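Heads up, the thing below is written out as structure tokens.
For clarity, every value in this text was computed on a predicted model and none was experimentally measured.
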Amino acid sequence: MKNLWSHGRSVRLLDHHLLKPTANLFLTPSFNRRIPTHWPAALQRNPSTSVFGTIMKRSASSAPKTAPKSKRQRPEIPEYHATPSLRDESGEAIWPAPKAQLEKARAFIRECVAEGKRTLIIPDKDADGLTSGAILRKTLVLLGLDSDLITAHILQKGCNIHDESERAAMAAHEPAFIFILDQGSRMSPPVIDAPHRAIVIDHHWATEKDFPEGAEHVSACNSPPVATSSLLTYEICSPLHEEVTSTCDWLCAMGTHGDLGNALKWEPPFPDMKVTFKTYTKKAINEAVSLINAPRRTATYDVPGAWAALNAAATPAELLKNPMLLAARVEVNEEVEKCTHTAPKFSIDGTIAVFRINSAAQVHPVIATRWAGHLKSPKLEVILVANEGYLPDMVHFSCRVPRSARAREPPVNIIETLRAIAERAPNPTLRERLGGSFARGHKEASGGIVPKAEFEELMEILEIGKSHKKVKQDGGVRQSNTLMSYFGKQKAG
């Protein structure tokens with residue numbers, strides 16, 4: 001290695017191919033008088049400047065020029081509230097649900113109060129579902145229904161309202177009116193066999209036929225930007241009594257942040273929540289979301305405890321001191337940390353990443369959401385986290401669209417993707433054997449509860465963990481404009 005001194009400044013050269021130091025050149029005025037004639041003309045004129053740049057320019061001149069790779073930009077995802085709304089014939093936005101459905105729901109609530117009979121509320125187990133139920137319960141009481149006539153039914157772990165065991169448990173309350181909130185829905189027999197009136201208030205994807213026989217419904221799924229069930233319930237109930245807004249606004253904010261995240265902008269068509277956040281603070285509301293969501297994720301599944309805590313609280317701050325909720329969150333955080341580092345395997349086409357965990361806690365949705373924000377690939381469309389330990393002999397799985405795929409056109413539709421995979425099965429009975437809890441939820445956040453054997457069939461179709469064989473070929477073009485090759489040529493000359 002040569003040392004060439006120049007004004008106390010050194011120029012360190014790198015081998016462009018290996019990215020390792022190859023020489024230190026120090027250029028001095030005394031050396032300038034002995035410059036080799038074969039050096040580039042520019043370097044002969046001023047050898048103390050840009051040795052690296054001059055040499056690389058000369059050696060690169062014979063190589064094909066390629067455009068520099070720009071840093072991959074994160075896809076720009078439109079603000080949720082800015083999703084264009086559908087409009088009716090008069091030009092009015094159809095939001096948060098068709099006007100006729102909203103009016104039917106309000107009439108149903110008034111009739112329930114007027115008849116003064118036993119009423120059953122069946123809220124989903126998460127923050128959105130529980131706050132929907134709490135908003136409805138407060139509204140019924142404000143309108144004059146005796147609170148002793150109102151009962152809540154919380155589904156058992158891993159069950160849905162269509163299971164015969166749950167239908168029997170709901171019927172045991174002998175309700176005249178039944179409200180089903182945020183449960184998702186599908187075509188089914190009546191909610192219970194005994195005479196009753198029922199209404200489904202929901203925002204999960206469904207067609208007009210995907211509801212229990214005889215039940216009325218109000219659905220936000222076809223009215224973008226799709227409202228959460230808590231926001232939909234709040235919009236239904238607010239006109240019914242003047243105190244709904246002041247007593248239920250924080251519940252609406254909680255449920256909505258629980259489903260759509262705390263970065264949501266409360267701008268039209270969403271209601272103005274400035275006073276709400278000034279009164280209760282976003283920090284307290286978001287903390288309350290985390291706490292009220294925790295019990296349903298624990299192995300013990302204490303959702304009734306979460307429901308009781310929510311209805312006993314007058315503000316979100318009261319939930320932040322609840323010992324049961326705090327302990328549940330600690331348990332869930334520990335389980336998430338234990339399971340979240342599982343390595344993914346990919347479908348053979350690279351569009352689906354599968355994480356397999358084994359936990360008695362419902363942490364698979366959390367892990368799916370977490371990885372959706374971090375895992376990136378040009379082909380990736382779906383993050384799938386499968387939990388084989390939640391219930392015996394079943395696989396509970398959650399799917400999310402990765403952030404890198406959210407701006408794609410056409411948009412990724414997880415429900416359609418899952419159903420298309422099942423249709424590719426060599427055995428045509430797979431779709432039926434997967435059951436009614438397969439590919440439910442939202443287009444961007446779906447999943448299912450399926451038998452283990454059938455789940456393995458899905459994985460076989462996707463060829464998870466397999467890859468196309470790549471043939472290595474010799475004689476490829478190698479980089480020729482390295483500094484070492486330059487100096488080697490000069491030495492040979």
Side-chain angles (χ1 to χ4, degrees), residues 75 77-81 83 96 123-132 158 160 181-186 202-207 210 219-232 254-264 289-290 293 296-297 336 340 344 351-355 357 362-376 380-387 390 395-408 410-422 434 436-450 458:
I77 302 172
E79 296 292 347
Y80 191 83
H81 72 276
T83 307
D124 192 25
K125 56 192 175 295
D126 64 358
D128 188 33
L130 294 176
T131 54
S132 300
N160 63 66
L181 301 129
D182 196 41
Q183 295 283 359
S185 194
R186 62 174 185 251
D202 205 81
H203 69 141
H204 295 86
W205 173 251
T207 68
D210 288 334
S219 175
C221 75
N222 289 311
S223 300
V226 177
T228 59
S229 292
S230 53
L231 178 53
L232 177 59
M254 264 187 68
T256 303
H257 282 196
D259 261 23
L260 299 181
N262 54 28
L264 176 74
V289 170
S290 173
N293 265 331
R296 56 117 171 186
R297 300 195 187 283
V336 168
T340 199
T351 61
I352 300 178
V354 177
F355 298 78
I357 65 173
Q362 193 194 39
V363 294
H364 39 285
V366 179
I367 295 171
T369 300
R370 178 176 293 188
W371 275 110
H374 295 286
L375 200 60
K376 294 186 291 184
L380 189 62
E381 295 182 354
V382 177
I383 303 290
L384 187 155
V385 179
N387 188 351
Y390 191 65
V395 175
H396 290 238
F397 67 95
S398 292
C399 299
R400 300 291 184 270
V401 177
R403 181 182 177 85
S404 60
R406 290 177 196 167
R408 290 187 187 162
V412 176
N413 184 325
I414 297 176
I415 293 176
E416 289 183 358
T417 297
L418 292 173
R419 291 175 179 175
I421 294 168
L434 286 167
S437 295
F438 172 72
R440 293 286 171 180
H442 305 279
K443 297 176 183 178
E444 309 83 3
S446 183
I449 305 170
V450 301
L458 283 177

Is the shortest side-chain heavy-atom distance between [X] and [Y] below 4.5 Å?
X      : Y      : answer
His396 : Gln362 : no
Arg370 : Val336 : yes
Ile421 : Ile352 : yes
Leu434 : Leu458 : yes
Pro402 : Leu375 : no

Working for side chain to side chain contact (heavy atoms under 4.5 Å, CB included), residues Asn387 and Ile367: CA-CA 10 Å; Asn387 188 351; Ile367 295 171; over 6 Å; no
I'd like to know if the side chain of [X] and the backbone of [Y] have a donor-acceptor N/O pair within less than 3.5 Å.
X      : Y      : result
Ser185 : Asp210 : yes
Asn262 : His257 : no
Asp202 : Gln183 : yes
Ser219 : His203 : no
Arg403 : Ala372 : no
Arg440 : Gly184 : no
Asp182 : Gly129 : yes
Thr83  : Tyr80  : yes

List the atom of [X], the atom of [Y], and the distance in Å for their closest heavy-atom pair.
X      : Y      : answer
Ser446 : Ile414 : CB-CG2, 3.6 Å
Trp371 : Thr340 : NE1-O, 3.0 Å
Leu380 : Ala405 : O-CB, 3.5 Å
Ala368 : Ser398 : CB-O, 3.9 Å
Glu381 : Val412 : O-CG1, 3.6 Å
Ala220 : Val226 : O-CG1, 3.6 Å

Parallel, tilted or perpendicular: rings of Phe438 and Phe397 (30°, 60°): tilted
Donor + acceptor pair across side chains of Thr228, Asp259 (<3.5 Å): no
Pair Asp128-Ser230, side-chain donor/acceptor within less than 3.5 Å: yes
Those residues that, when tested against Thr369, pass side-chain contact (heavy atoms from CB on, under 4.5 Å) (two or more places apart): Arg400
Side chain to side chain contact (heavy atoms under 4.5 Å, CB included) between Asp124 and Ser229, intermediate numbers included: CA-CA 10 Å; Asp124 192 25; Ser229 292; over 6 Å; no
